[in-house]
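Read the numbers this way: they start at 1 and go in the same order the structure lists the ligands and their atoms.
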Amino acid sequence: MQPLVFTPFLRPMLWGGRRLAQMLGKPLPPEGTWGESWELSAHPLHVSRVAEGPLTGTYLTDLFPHFPLLIKYLDANDWLSVQVHPDDDKAMSLSGEPLGKTEAWVVLDVEPGGRIFAGIKPGIDRRAFEQALHDERVTDCLHVYQPRVGDCLFYPAGTVHAVGGGVLLAEVQQSSDATLRLYDWERVGPDGRPRQLHVAEALAAIDWSRGPVDPVDGTPLPNLPGERLVQCRYFVMDRFRLKDPLNSPYSDQLSLWMVLHGIAELTCRGYHHTFTRGSTVVLPAEVAHAVWHPAPSATLLGITLPKP
Ligand SMILES: [Zn+2]
């Protein structure tokens, strides 16, 4: 097997913009606001297919029958709803999805007005939160800050969050579409009506023990030009800032790579391909001796599944 590239699934969104094309090279139609590029998905809403090479057209799920992650780029040009995702135990009852959603973001670009709301401020209990929701000032209850390029946010299921004002993100999450909206900024959809909220379900999904969420402090990886950003029961996420070639540190296991900044060439036996910012590449476990060559520098995200 060789490295695999899949066709992105581009989604128009009320809150989207044009940066998926401008900054990440996604083939957007000339008009409209686009919020998400689903890079790798086995979710029934859209299953990714191989874009090039001998396996062109093959579904991700035919190659990896239990692919548990959903990987996206996200342009939060305007505001995403204030939302929470249920955990695995509550996902079916609260949102009709078989799996919950734990997710992580890495910030790729920020406009001056870009903000992230992450977690509930200290001292806000459920009663105070419900009162604020009723008074349409729920954002007063949330920890907010201006993100910087490179920030990584980790949201275990049950963490209230929102983002907007011009923030471009890479997102890694469980393969689930279980999103519960608490507040949608008094906004109406293309049909002139507000999008549906799920306040009761969202309140039941919130992990009230979880306070403010600040960016992750990565842990250096021994003998590698990288750091571990997230290690949870669903995925492991490492970041590499390359000036010199990197032998893929994930031998004999499936790894997923996102080019966050710069340009890098990937080589392995009989294969070489240059990837620019916004690319996503799958390295099947069978691929040996894969090497990333930055040209001349690149920041890569390496995503793997936790070993059982
Ligand atoms: Zn979310």
Side-chain angles (χ1 to χ4, degrees), residues 9 11 13-17 20 34-41 43 45-46 68-88 90-91 94-108 110 114-120 129 133 138-139 141-145 147 151-185 187 195-199 201-207 210-216 229-230 232-235 237 258 301 303:
F9 174 49
R11 303 189 76 192
M13 294 285 176
L14 276 180
W15 44 260
L20 293 173
W34 296 77
E36 298 186 342
S37 176
W38 288 24
E39 299 288 299
L40 294 173
S41 169
H43 191 275
L45 259 177
H46 173 83
L69 301 180
L70 179 51
I71 292 191
K72 306 174 180 173
Y73 291 104
L74 216 98
D75 179 5
N77 189 51
D78 201 343
W79 285 92
L80 275 73
S81 61
V82 176
Q83 58 185 249
V84 65
H85 307 297
D87 63 17
D88 291 345
K90 293 178 183 161
L94 295 180
S95 61
E97 286 265 337
L99 294 175
K101 188 151 91 165
T102 283
E103 68 186 33
W105 295 345
V106 177
V107 175
L108 304 188
V110 186
R115 295 287 184 279
I116 283 177
F117 289 89
I120 297 171
F129 192 87
L133 260 181
V138 70
T139 53
C141 297
L142 301 177
H143 176 58
V144 61
Y145 74 100
D151 282 352
C152 170
L153 277 296
F154 176 54
Y155 302 131
T159 311
V160 181
H161 57 276
V163 58
V167 183
L168 188 67
L169 300 168
E171 181 175 69
V172 177
Q173 55 179 238
Q174 285 179 267
S175 181
S176 169
D177 203 37
T179 293
L180 301 168
R181 290 193 199 107
L182 281 156
Y183 176 64
D184 204 25
W185 314 95
R187 190 165 43 184
R195 291 196 296 177
Q196 192 192 352
L197 298 178
H198 323 86
V199 173
E201 294 85 353
L203 290 170
I206 292 174
D207 176 355
R210 211 164 146 69
V213 178
D214 281 314
V216 165
L229 295 174
V230 176
C232 67
R233 57 188 290 204
Y234 304 107
F235 53 88
M237 199 165 97
M258 302 176 90
L301 215 51
I303 301 139

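- Atom-to-atom distance recorded for Lys101:NZ and Thr159:OG1 is 12.5 Å, nearest 0.5 angstrom.
- In this structure, the salt bridge (Lys or Arg N to Asp or Glu O under 4.0 Å) partners of Lys72, at least two apart in sequence or on a different chain, are Glu36, Glu171.
- Protein N/O/S atoms closer than 2.8 Å to the Zn ion (ligand 1): Gln83 OE1, His85 NE2, Glu103 OE2, His161 NE2.
- Here the OH-CD distance, from Tyr155 to Gln173, works out to 12.5 Å after rounding to the nearest 0.5 Å.
- Aromatic ring orientation, Trp38 versus His43: perpendicular (interplanar angle above 60°, classes split at 30° and 60°).
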May I have the step-by-step check of side-chain contact (heavy atoms from CB on, under 4.5 Å) for Leu74 and Leu80, ending in yes or no?
-> CA-CA 10 Å; Leu74 216 98; Leu80 275 73; 4.1 Å; yes
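- Ring to ring, Trp79 and Tyr183 are not that close: their centroids are 6.0 angstrom or more apart.
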